[in-house]
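A short write-up of the structure that comes next.
Here is the naming used below: chain letters follow the sequence lines, and residue numbers restart at 1 for every chain. Only heavy atoms go into these numbers, but all of them, side chains included; no hydrogens, no water, no symmetry mates.
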2 protein chains.
Amino acid sequence: MLKLKRIGLDTHRQNVAFIARTCRPYRPEDFQALKKIEIHHTGDSMLATLIISDDGSIVADDELGLSGPAFDRLGAGEGTSVTIAPAAPPKSMEAVRAKMRGHTLSDGEIDVVIRDISGLRYSEMEIAAFLIASASYTTSREMLALTQSMARVGNRLDWSSDVIVDKHCIGGIPGNRTSMVVVPIVAAHGLMIPKTSSRAITSPAGTADTMEVLARVDLSIAEMTEVVRTHKGCLVWGGHVNLSPADDILISVERPLRIDTREQMVASILSKKLAAGSTHLLIDIPVGPTAKVRDAGEAMRVRKLFEYVGDRIGIDLRIVVTDAREPVGRGIGPVLEARDVMAVLNGHEDAPTDLREKSLQLAGRLLDFDPALRGGTGYDRARDLLDSGRALATMEAIIDAQGRRTPPPLGTLTRDILAPVSGTISGIDCYRLGRIARLAGAPMDKGAGIDLLRKNGDRVEKGEPLYRIHACVKSDFSFAHGLADEDNGYRLDVGAGAPPC
Amino acid sequence: MLKLKRIGLDTHRQNVAFIARTCRPYRPEDFQALKKIEIHHTGDSMLATLIISDDGSIVADDELGLSGPAFDRLGAGEGTSVTIAPAAPPKSMEAVRAKMRGHTLSDGEIDVVIRDISGLRYSEMEIAAFLIASASYTTSREMLALTQSMARVGNRLDWSSDVIVDKHCIGGIPGNRTSMVVVPIVAAHGLMIPKTSSRAITSPAGTADTMEVLARVDLSIAEMTEVVRTHKGCLVWGGHVNLSPADDILISVERPLRIDTREQMVASILSKKLAAGSTHLLIDIPVGPTAKVRDAGEAMRVRKLFEYVGDRIGIDLRIVVTDAREPVGRGIGPVLEARDVMAVLNGHEDAPTDLREKSLQLAGRLLDFDPALRGGTGYDRARDLLDSGRALATMEAIIDAQGRRTPPPLGTLTRDILAPVSGTISGIDCYRLGRIARLAGAPMDKGAGIDLLRKNGDRVEKGEPLYRIHACVKSDFSFAHGLADEDNGYRLDVGAGAPPC
């Protein structure tokens with residue numbers, strides 16, 4: 001028997017336990033080979049990775065330390081008596097090993113793997129084994145089973161309505177904040193659109209980061225439900241809502257290993273939408289030379305995977321392939337992107353037309369899901385709702401309902417990046433501008449980022465500004481303009497000032 | 001700048017760093033996405049996994065904590081000023097990702113991966129990615145490159161002699177302690193045999209665990225060299241000698257994931273032998289229904305892989321395929337196995353004949369490597385050295401040189417497992433007996449294990465003992481005989497007392 005102690009170390013989704021090398025009731029070496037232990041207390045049990053401590057102030061001889069998140073997950077108080085035993089790898093690892101040998105997994109096998117992963121019974125190594133084995137070959141059927149198993153774990157929202165619309169962009173385009181225009185248009189029309197979004201992981205801003213400039217986004221499920229019931233829409237961060245948590249765990253391993261397969265992406269997105277109770281879904285696939293999807297052939301392959309799973313889980317799913325040869329709007333970074341969104345909703349005459357137009361196209365397609373609307377009138381309806389100010393009013397109401405915030409100021413350290421020669425802009429590298437904005441501090445510093453002053457097709461003279469970098473912290477500022485000085489990400493066509501082809 | 005602090009947590013081969021959530025010079029969240037940081041101090045740098053601390057007594061706001069092994073590896077004193085930065089994944093992960101996509105890696109790519117792994121620049125997840133990607137397909141050329149790259153890292157022994165012999169058993173057979181008989185025979189003959197062995201990981205005893213009953217085995221390289229120069233042979237634990245440390249790191253991930261491919265086994269064994277300076281090597285492949293290699297076809301495939309690599313790294317390599325239908329000798333567990341070994345060396349009339357015969361066969365093959373010996377006389381020479389007591393004298397000299405120890409007592413908690421019916425023993429499950437001996441406490445309790453009283457072909461009457469379990473700790477004792485009661489691992493042929501086929 002050991003007495004439980006909470007150790008104030010944040011090990012996220014990993015359960016970590018600490019035992020003294022001089023521990024009396026157990027021999028720590030007994031546990032070293034497998035590194036994992038099973039902790040038992042009154043009928044409950046939990047797996048944890050074991051670290052041996054030589055510091056009596058961390059754990060005493062009769063104590064079992066648990067890292068903060070592990071302690072909270074076990075849910076027993078400090079001083080509770082627990083027993084420990086060496087933990088065998090979870091039984092479902094047999095399926096993972098079969099997958100490594102090239103076998104196809106049954107629905108049941110995938111389900112047990114996903115349950116064990118979401119129950120934190122897998123180490124990061126074991127999760128990596130599952131992902132890598134799956135990355136080399138995943139059948140459509142396995143992708144479907146993965147989607148369904150992931151959606152079954154965690155919360156499942158039920159809106160008691162036949163039409164719950166949602167949209168999702170598979171990403172990679174800076175400034176692409178259409179959701180913040182689409183949601184108020186669709187909600188103003190009266191369709192329910194309970195939108196959860198992610199924070200940026202490797203990009204300079206996610207929709208959740210940008211919405212957070214204007215309102216609270218870390219709503220609980222109860223709060224989110226209340227906002228949606230009243231205003232038909234919301235724009236919240238998915239992190240507190242616990243939809244498809246297995247997906248979050250898989251992503252936390254995929255990201256550092258840069259595992260990025262189409263099948264895992266489709267299962268990830270659709271498991272979240274299924275758990276969110278969506279019935280009608282629009283998927284935006286941006287295609288461009290520096291986007292995630294590079295050509296029409298690849299876009300078609302991705303589309304077919306989405307359609308295969310969508311049809312079998314009962315989501316009415318449509319795909320739009322959009323042009324992604326440059327960032328959408330002008331701003332890159334939370335404050336700048338929120339500015340663009342509000343300019344479109346307010347109908348400012350200098351609002352970015354590409355953001356407005358793309359948002360109207362998407363909103364129109366979503367409104368076409370409404371059985372009450374005459375075929376082919378979605379786009380016009382969307383434009384009316386935007387131009388009449390009804391979408392803006394809905395956005396303001398959603399902001400108030402979620403909890404209005406005063407936007408933070410724009411970063412005051414600025415530098416204009418100038419055209420090195422005269423010419424016509426013929427290309428903008430989305431990936432590079434994203435990196436520069438991120439180095440400038442976005443999304444951690446909401447006011448950091450890039451303000452695009454010129455876009456594709458514009459004529460610039462040598463020495464005129466292409467874009468402005470905003471930063472809040474000096475070191476970030478110099479990293480960012482250092483990268484821009486190396487290569488500013490713009491391609492200029494200098495051929496006699498002719499328009500680009 | 002942060003001040004370095006040593007945190008008394010044993011994270012083995014993982015470098016783990018700790019930073020306060022309220023840290024002033026850095027924002028801990030900046031590092032969360034990739035989880036790894038690079039620590040810089042005066043020209044040196046090291047990668048570590050980052051854990052955020054909410055406990056000021058572990059790290060203060062201006063401190064960077066490093067787990068014990070990481071602190072020791074960095075080699076800077078407490079209070080040293082260091083800077084940190086987010087760590088990108090090692091560049092060689094590009095090669096791992098290519099391997100995941102099915103590419104074949106060049107010698108150069110494998111070399112950089114192995115260097116990064118042994119430089120602790122890979123997380124366990126990343127190591128798993130390399131192993132799993134390799135497990136699905138490794139070419140012979142990749143296996144060769146892996147062997148050579150692993151041998152290049154760490155120590156490399158040079159004995160300044162043309163004939164340095166060694167033997168290796170690919171394992172899985174309890175009681176198979178031939179090395180402890182072979183080494184003194186070969187050394188007594190005058191060939192150099194600097195034997196390093198492993199401790200048991202999942203088995204009830206390794207050669208190092210068993211030799212430790214009689215002598216110190218954790219010798220440094222200098223101590224080992226001295227013993228070998230004086231007595232021509234040694235029997236030490238490989239853990240302190242640092243031969244092919246990359247292999248140890250790979251094994252620490254292969255083991256919990258139970259990745260067990262022929263190519264990785266061959267590269268692992270031969271990289272250690274290459275680093276140990278072996279010129280002539282005998283590989284023992286036991287074949288049996290419960291051994292690692294189950295049939296002759298599989299043994300031949302393994303043999304060819306060993307020969308392919310051996311020929312290209314300049315080791316004169318021979319394979320012997322041995323019968324593994326039952327444990328070798330009578331004892332299973334360090335004290336019991338050491339008893340069998342010394343009985344053979346002492347020429348006791350009740351010494352296990354199978355251990356004696358197998359050891360003589362192997363020693364004979366090794367002696368045949370000696371250019372000075374007439375072809376085909378190795379076996380006779382080995383028998384002479386054993387029967388004359390010269391091998392025993394050499395063993396006693398090696399024990400004294402390494403540091404003689406008083407053997408610990410045999411476990412006093414004993415239980416005889418009885419034949420449930422009368423019959424002739426027709427099979428002994430090596431795997432199951434290994435598990436029972438391990439549950440009884442071996443190798444942690446050196447005196448724990450199993451003493452086999454009957455073996456294949458013996459006739460037993462109902463109620464007569466098959467084997468005796470020895471344990472030192474009550475809970476282990478009941479686990480072990482519980483498992484034996486469920487299935488004792490013996491197969492009895494009850495058919496009219498006929499001899500087994």
Worksheet item: Looking at B/Gln14, B/Met93, B/Arg97, B/Arg101, which has the largest count of heavy-atom pairs under 4.5 Å with chain A?
Response: B/Arg97
Discussion item. Counting heavy-atom pairs under 4.5 Å with chain A, which one of B/Ile132, B/Asp54, B/Thr49 comes out on top?
Written reply: B/Ile132
Discussion item. Can you tell whether the side chains of B/Asp72 and B/Arg6 come within less than 4.0 Å, N to carboxylate O?
Written reply: yes
Worksheet entry | A/Lys99 bridged to A/Glu94 by N-O distance under 4.0 Å | no
Worksheet item: Highest number of heavy-atom pairs under 4.5 Å with chain B: which of A/Arg258, A/Glu124, A/Glu126, A/Met100?
Response: A/Arg258
Discussion item. Let's test your reading of the structure: which of A/Ile127, A/Val16, A/Leu257, A/Asp55 forms the most heavy-atom pairs below 4.5 Å with chain B?
Written reply: A/Leu257
Can you say whether [X] sits under 4.5 Å from chain A via the side chain, the backbone, both, or neither, judging by heavy atoms?
X: B/Ile58; result: side chain
X: B/Asp260; result: neither
X: B/Ile7; result: side chain
X: B/Ile259; result: side chain

Practice prompt. Find the distance between CD1 (A/Ile117) and CG (A/Leu131) and round it off to the nearest 0.5 Å.
Written response: 6.5 Å
Worksheet item: Any donor-acceptor pair under 3.5 Å linking the side chain of B/Lys36 with the backbone of B/Arg121?
Response: yes
Item to complete: Scan side-chain atoms only and decide if B/Tyr137 and B/Thr104 contain a donor-acceptor pair under the 3.5 Å cut-off.
Response: no
Practice prompt. Report the C-alpha distance between B/Asp209 and B/Trp237 in whole Å, list the side-chain angles of each, state the deciding distance to 0.1 Å, and finish with yes or no for side-chain contact (heavy atoms from CB on, under 4.5 Å).
Written response: CA-CA 8 Å; B/Asp209 302 303; B/Trp237 176 49; over 6 Å; no
